[in-house]
Amino acid sequence: MRHLIEPTDFNDDETMAVLDLADRIAAAPEMCAHVADGKKLATLFYEPSTRTRLSFESAMLSLGGQTLGFSGAEQSSATKGETVADTARVVSCYSNIIAMRHPKEGAPLRASMFSKVPVINAGDGGHNHPTQTLIDLLTIRQRMGRLDHLTVGFCGDLKFGRTVHSLVNNLVRFLGNQFYFISPEELRIPEYLKEDTLHPANSLYWEVSSLEDTLPKLDVLYMTRVQKERFFNEEDYIRLKSIYTLDPEKMKLARPDMPVLHPLPRVDEITRTVDDDPRAAYFDQVQNGVYVRMALIMALLGIADPVTGEKVLKC
Ligand code: NCD
């Protein structure tokens with residue numbers, strides 16, 4: 001049985017196979033309309049979510065399956081003191097696959113150790129968000145035609161932004177990618193990302209603070225929200241929250257084909273006036289989220305692609 005907990009749990013071939021299936025589903029979603037008939041997805045969300053939970057549910061419904069679950073720890077037995085391990089053991093009796101979001105780093109990993117069914121990490125604290133990474137990779141590949149030899153700029157809250165940590169973990173595996181990390185001093189990428197990921201991969205990277213100076217150098221820009229819920233001190237949040245704003249003026253500095261990604265929700269780091277720019281790719285990411293999660297559920301449940309007859313994960 002396989003889980004998706006860390007962004008590198010799938011090797012390169014498996015990652016590409018999930019993206020390829022997602023692309024095929026995007027072209028003809030109806031081909032998978034009944035592949036998960038009779039299967040149930042449990043969504044255990046201990047933290048707020050709009051896109052991730054609803055797109056998981058939409059994905060399972062589009063595959064013919066059904067969903068159950070809770071959104072908000074206060075609706076679960078966590079309020080009575082139940083551990084994640086016990087909840088996972090119990091819910092795996094009710095479902096065929098579990099998607100879990102939790103404010104504590106490592107909670108989905110713990111759940112996977114006690115679950116009888118595959119567990120998907122739908123975001124754990126400031127740590128990882130591997131399904132968002134698959135969506136980001138698919139969107140970059142659709143826009144740029146490749147995932148290698150790219151100069152990618154990450155801008156905003158790089159300390160707490162789990163989508164950034166997960167995407168960097170995957171992008172270092174492709175040849176020739178280099179990174180600009182654009183943030184204020186206080187929101188720089190964590191040391192462990194440098195030591196465990198960037199340095200072993202010999203990746204070239206720069207930590208800078210100016211978005212304007214960096215924009216002309218980028219093939220891809222990944223904007224992020226300042227993660228209010230992970231700040232200890234409200235004053236720091238207020239001081240840092242609007243530090244970067246991408247607007248049409250700044251977009252003039254960027255290459256004509258530079259996609260702008262953002263995992264959403266956005267606050268004020270991208271103005272609404274950028275939405276009509278053809279380079280704005282963040283609503284493509286939302287649509288891709290459903291296709292990627294359909295492909296992922298099929299992969300983890302061992303459901304073959306109805307067209308090729310192939311399973312995504314060979315073991
Ligand atoms: C992100 C998350 O939850 O980490 N959102 C998402 O899943 N698309 C980003 C964020 O909350 O800022």
Side-chain angles (χ1 to χ4, degrees), residues 4-7 22 41 43-60 69-73 98-109 119-140 152-170 181-184 187 189-190 193 221-231 236-237 240-246 259-270 275 280-294 296-297:
L4 179 61
I5 305 297
E6 299 286 329
L41 163 78
T43 51
L44 311 186
F45 276 60
Y46 296 80
E47 256 194 355
S49 167
T50 302
R51 264 152 302 276
T52 306
R53 186 173 60 83
L54 294 182
S55 69
F56 261 117
E57 294 185 0
S58 170
M60 191 49 155
F70 56 80
S71 58
I98 294 174
M100 174 183 278
R101 169 170 288 192
H102 203 286
K104 278 215 186 92
E105 282 85 359
L109 174 64
V119 175
I120 301 169
N121 177 2
D124 61 329
H127 196 214
N128 276 314
H129 195 343
T131 66
Q132 182 65 45
T133 295
L134 293 170
I135 297 163
D136 300 339
L137 293 174
L138 184 70
T139 310
I140 295 172
V152 183
F154 289 92
C155 178
D157 185 347
L158 310 185
K159 179 178 180 187
F160 297 116
R162 55 194 174 192
T163 61
V164 172
H165 307 156
S166 288
L167 184 54
V168 171
N169 256 290
N170 263 274
F181 295 113
I182 310 155
S183 76
L187 297 179
I189 51 169
L193 195 65
L221 173 63
Y222 195 96
M223 293 295 291
T224 63
R225 169 180 76 89
V226 176
Q227 305 274 303
K228 181 179 184 187
E229 65 277 32
R230 305 200 200 286
F231 273 76
D236 285 347
Y237 170 69
L240 295 168
K241 79 180 175 67
S242 304
I243 196 146
Y244 298 106
T245 306
L246 187 68
V260 179
L261 279 79
H262 189 308
L264 303 180
R266 74 171 144 189
V267 185
D268 48 14
E269 57 279 357
I270 303 179
D275 295 358
Y282 30 94
F283 292 113
D284 292 5
Q285 286 167 277
V286 175
Q287 183 60 68
N288 282 335
V290 180
Y291 303 137
V292 161
R293 290 181 172 117
M294 287 170 77
L296 179 62
I297 292 169

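First listed ligand is number 1; within each ligand, the first listed atom is number 1.
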With a cut-off of 4.0 Å, which atoms of ligand 1 are near a heavy atom of [X]?
X    : answer
P265 : 10 (C), 11 (O)
R225 : 10 (C), 11 (O), 12 (O)
T52  : 6 (C), 7 (O)

Under 4.0 Å from ligand 1, counting heavy atoms only, is it the side chain of L264, its backbone, both or neither?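 Just the backbone.
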
Nearest non-hydrogen atom to atom 7 (O) of ligand 1 belongs to which of H129, Q132, H165? H129

Among all protein non-hydrogen atoms, which one is nearest to atom 8 (N) of ligand 1, and what is the separation to 0.1 Å? P263 O, 2.9 Å

Please confirm whether Q227 comes within less than 3.5 Å of ligand 1 when only nitrogen or oxygen atoms on both sides are compared.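 Yes, since at least one N or O of Q227 sits under 3.5 Å from an N or O of ligand 1.
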
Do any nitrogen or oxygen atoms of R162 lie less than 3.5 angstrom from nitrogen or oxygen atoms of ligand 1?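 Yes, there is a polar N/O contact under 3.5 Å.
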
Verify, without hydrogens or angle tests, whether T245 (side chain) and E269 (backbone) share a donor-acceptor contact under 3.5 angstrom. no

Where does the angle between the aromatic ring planes of Y282 and H262 fall among parallel (under 30°), tilted (30 to 60°) and perpendicular (over 60°)?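 Ring orientation of Y282 relative to H262: perpendicular.
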
Check the orientation of Y237 and F231. Use parallel for under 30°, tilted for 30 to 60°, and perpendicular for over 60°. perpendicular

Does some non-hydrogen atom of G289 fall short of 4.0 Å from ligand 1? no

Would you please determine whether E47 falls within less than 4.0 Å of ligand 1 on a heavy-atom basis?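 Under 4.0 Å: no for E47.
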
Measure from NZ or CZ of R101 to the centre of the six-membered ring of F45 and say whether it is under 6.0 Å with the direction within 45° of the ring axis.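 Ring-cation test returns no.
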
Which one of E6, E105, E47 satisfies the salt bridge (charged side-chain N to carboxylate O under 4.0 Å, His left out) criterion with R162?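 Single salt bridge (charged side-chain N to carboxylate O under 4.0 Å, His left out) partner of R162 among E6, E105, E47: E47.
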
Mind checking the CG-CD1 spacing from L167 to I140? Nearest 0.5 Å is all I need.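 If I round to the nearest 0.5 Å, the distance is 5.0 Å.
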
What's the verdict on side-chain hydrogen bond (donor to acceptor under 3.5 Å, both in side chains) for D268 and S242, showing C-alpha distance, side-chain angles and the deciding distance? CA-CA 7 Å; D268 48 14; S242 304; 3.0 Å; yes

